[in-house]
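Quantities reported herein were computed from a predicted structural model and do not represent experimental measurements.
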Amino acid sequence: METRPKMIYLPDTMTNWPWPRTINPHFEAVKIEADAWFHSFKALDAEILEAFDKCGAENLRVGCEMMDIQLFVDEVTDRSTAAGANGIVDIVIDALHNPHKIRPEGEHIIGEMMRQCSARAIQTMSMTCQRRFIDVFTTYLRSVAVEAIDREQKHYRSIDENFKHRRETSGVLVWFVLCRMEMDLPDEVFYHPAIVDMVECAADLVTVENDMLSWNREQASGNDHNSLITVVMLELGLEIGSAMGWAAAYHTKLKKRFIDGLAKIPSWGPSTDILVKEYLDGLGNWVRASNVWSFDIQRYFGTMSAEIQQTRFVPLLPRAHCKASIRGDEDHTDSRHSQ
């Protein structure tokens, strides 16, 4: 008979990360605007609206709305069949690419949400950011449809495959594009191997940290097929404590790779180098923001977030195909990362 521990220890991986937490100075004003926009869609499921009421906003309005859209996509597709998820993805992609097209009557409300968000976003982004954003967001959406198939077929990927797949399904690459949405980085800079390596490294840092913190909630709901922790346990034959240790050690390697990579960035001239530094700082900040967000909200740890952040011990939830939370709270889904 399987013996499950009563507690999980979460290694503290971010203690020495060079990018400290910072709060966007426009937080208060943007939060009011973005929350009002999200709640204006009265046809939204009441349970989802209640969940989003638990979150905070620390980014400009486009970023806030885009985070709402992304997490709404995740919530809706997580509850859907593979066919249903693919239908949602098709709607969102069409609205993303056609922000001035009137949405069909009777369509899922997410189409109009994406249309409004996309129309507002293109007024803020540089032309190069618009192109990259549409490309990477489309890739993210298609990967969500694939993830739904994996979930339905209970398909588990290898560790290497999981990292590649999670860069897309997590949506983090979307946010790396939006880090400096007003910036016009030339393609020869943005797609330079040294920059691409930094992006992939930062994405993997977010994946490892997120999957360590979210695993308990996901395994309790039977939705952990895409979690790095579960994949490590299966592929390497480890129990949860050792899998967390493996993830923490890999996270340390990734941090070193990212820091060392900063010294390997070529120069493209003073004006471009300033933009590159701002962009790379955005990546570093996002790694910090993802960690902070996970403890600021109740999505993963319920009302015990502050306590768990301090003690690093999490009560192991029973594995059941139902919603679960740390202290009997309803399952909270929150939008918008802290910066």
Side-chain angles (χ1 to χ4, degrees), residues 5 7-22 156-173 175-176 179 193-219 224 226-265 277 279-296 300-301 305-306 308-314 316 337-339:
M7 303 290 287
I8 306 170
Y9 177 71
L10 297 175
D12 189 352
T13 59
M14 295 295 293
T15 302
N16 298 317
W17 189 242
W19 286 266
R21 180 182 188 176
T22 57
Y156 294 87
R157 299 172 185 271
S158 70
I159 293 174
D160 288 343
E161 290 174 338
N162 182 269
F163 271 113
K164 294 176 183 177
H165 188 55
R166 291 283 280 121
R167 289 170 196 154
E168 296 179 351
T169 61
S170 69
V172 70
L173 297 182
W175 291 98
F176 289 171
C179 273
I195 300 296
V196 170
D197 185 67
M198 295 292 283
V199 168
E200 291 183 353
C201 185
D204 291 350
L205 278 164
V206 171
T207 290
V208 175
E209 181 74 11
N210 175 263
D211 286 12
M212 291 172 71
L213 300 179
S214 66
W215 179 83
N216 193 31
R217 174 182 184 266
E218 291 176 348
Q219 65 83 28
D224 61 328
N226 202 38
S227 171
L228 173 67
I229 302 304
T230 293
V231 169
V232 167
M233 292 171 71
L234 290 173
E235 185 171 326
L236 303 182
L238 302 178
E239 46 76 36
I240 180 58
S242 297
M244 288 289 182
W246 184 97
Y250 194 79
H251 193 276
T252 297
K253 293 178 182 178
L254 287 170
K255 284 188 294 187
K256 184 178 187 305
R257 176 178 148 200
F258 189 88
I259 299 301
D260 291 349
L262 293 173
K264 301 175 183 178
I265 302 299
K277 184 182 184 304
Y279 178 62
L280 295 177
D281 279 340
L283 301 186
N285 184 59
W286 227 95
V287 174
R288 170 67 69 184
S290 180
N291 169 264
V292 170
W293 175 82
S294 297
F295 287 103
D296 272 4
Y300 300 142
F301 306 119
S305 287
I308 290 170
Q309 187 174 23
Q310 181 68 30
T311 67
R312 312 305 298 185
F313 283 101
V314 187
L316 180 62
H337 278 256
S338 164
Q339 272 196 324

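- Considering only residues two or more places apart in sequence or on other chains, Val231 meets the side-chain contact (heavy atoms from CB on, under 4.5 Å) condition with Ile159, Asn162, Glu235.
- With sequence neighbours left out, the side-chain hydrogen bond (donor to acceptor under 3.5 Å, both in side chains) criterion links Lys277 to Asp281.
- Applying the ring pair (Phe, Tyr, Trp, His ring centres under 6.0 Å) criterion to Tyr279, with sequence neighbours excluded, gives Phe190.
- Under the 4.5 Å side-chain criterion, counting only non-hydrogen atoms from C-beta, Glu218 is not in contact with Ile229.
- Looking only at side-chain heavy atoms (C-beta outward), Met244 and Tyr9 stay at 4.5 Å or farther from each other.
- Rounding to the nearest 0.5 Å gives a distance of 4.0 Å between CG of Leu262 and CE of Met198.
- Tyr300 has its side chain within reach of Asn210: a pair of non-hydrogen atoms, C-beta onward, lies under 4.5 Å apart.
- Partners of Thr169 under the side-chain hydrogen bond (donor to acceptor under 3.5 Å, both in side chains) rule, at least two apart in sequence or in another chain, are Asn226.
- Note: Lys164 NZ to Arg157 CZ = 11.0 Å, rounded to the nearest 0.5 Å.
- Proximity of Leu280 to Leu283: side-chain heavy atoms (C-beta onward) are separated by under 4.5 Å at one or more points.
- By the 6.0 Å contact criterion, CG on Asp260 is enclosed, its count of non-hydrogen atoms from other residues, nucleotides or ligands being greater than 12.
- Heavy atoms only, all atoms of each residue included: Pro11 and Arg312 are closest at O-NH2, 3.2 Å.
- When side chains are defined from C-beta on, Ile240 counts as touching Trp215, because their heavy atoms get closer than 4.5 Å.
- A distance of 8.5 Å separates CG of Asp211 from OG of Ser170, quoted to the nearest 0.5 Å.
- The CD1 atom of Ile195 sits 4.0 Å away from atom CD1 of Ile265, with the distance rounded to the nearest 0.5 Å.
- Ser227 places none of its side-chain heavy atoms less than 4.5 Å from the side chain of Gln219.
- Between Phe295 and Phe301, the angle of the ring planes stays under 30°, which puts this pair in the parallel group of the 30/60° scheme.
- Between His165 atom NE2 and Leu228 atom CG the span is 13.0 Å, to the nearest 0.5 Å.
- With sequence neighbours excluded, no residue forms a ring pair (Phe, Tyr, Trp, His ring centres under 6.0 Å) with Tyr156.
- A pairwise comparison of heavy atoms in Pro18 and Ile259 identifies CG-CD1, 3.7 Å as the closest pair.
- The minimum heavy-atom distance linking Pro20 with Asn285 is given by the pair O-OD1, 4.0 Å.
- When all heavy atoms are compared, the tightest approach of Arg167 to Val172 is O-CG1, 4.1 Å.
- The closest side-chain heavy-atom distance from Val232 to Tyr250 is not below 4.5 Å.
- The two residues Ala247 and Val208 have their closest heavy-atom pair at O-CG1, 3.4 Å.
- Residue Glu209 is tested with Leu213, Thr207, Val206 for a side-chain contact (heavy atoms from CB on, under 4.5 Å); the sole match is Leu213.
- Among all heavy-atom pairs drawn from Leu238 and Trp246, the shortest one is CD1-CB, 4.3 Å.
- With sequence neighbours excluded, the residues that form a side-chain hydrogen bond (donor to acceptor under 3.5 Å, both in side chains) with Arg257 are Asp197.
- Atom CG in Asn291 sits 9.0 Å away from atom OG1 in Thr15 (nearest 0.5 Å).
- Formation of a donor-acceptor pair under 3.5 Å by the Glu239 side chain with backbone atoms of Ser242 is found in this model.
- Under the 4.5 Å side-chain criterion, counting only non-hydrogen atoms from C-beta, Arg21 is in contact with Asp296.
- In this structure, Phe258 and Trp19 have perpendicular ring planes: the angle between them is above 60°, well past the 30° mark.
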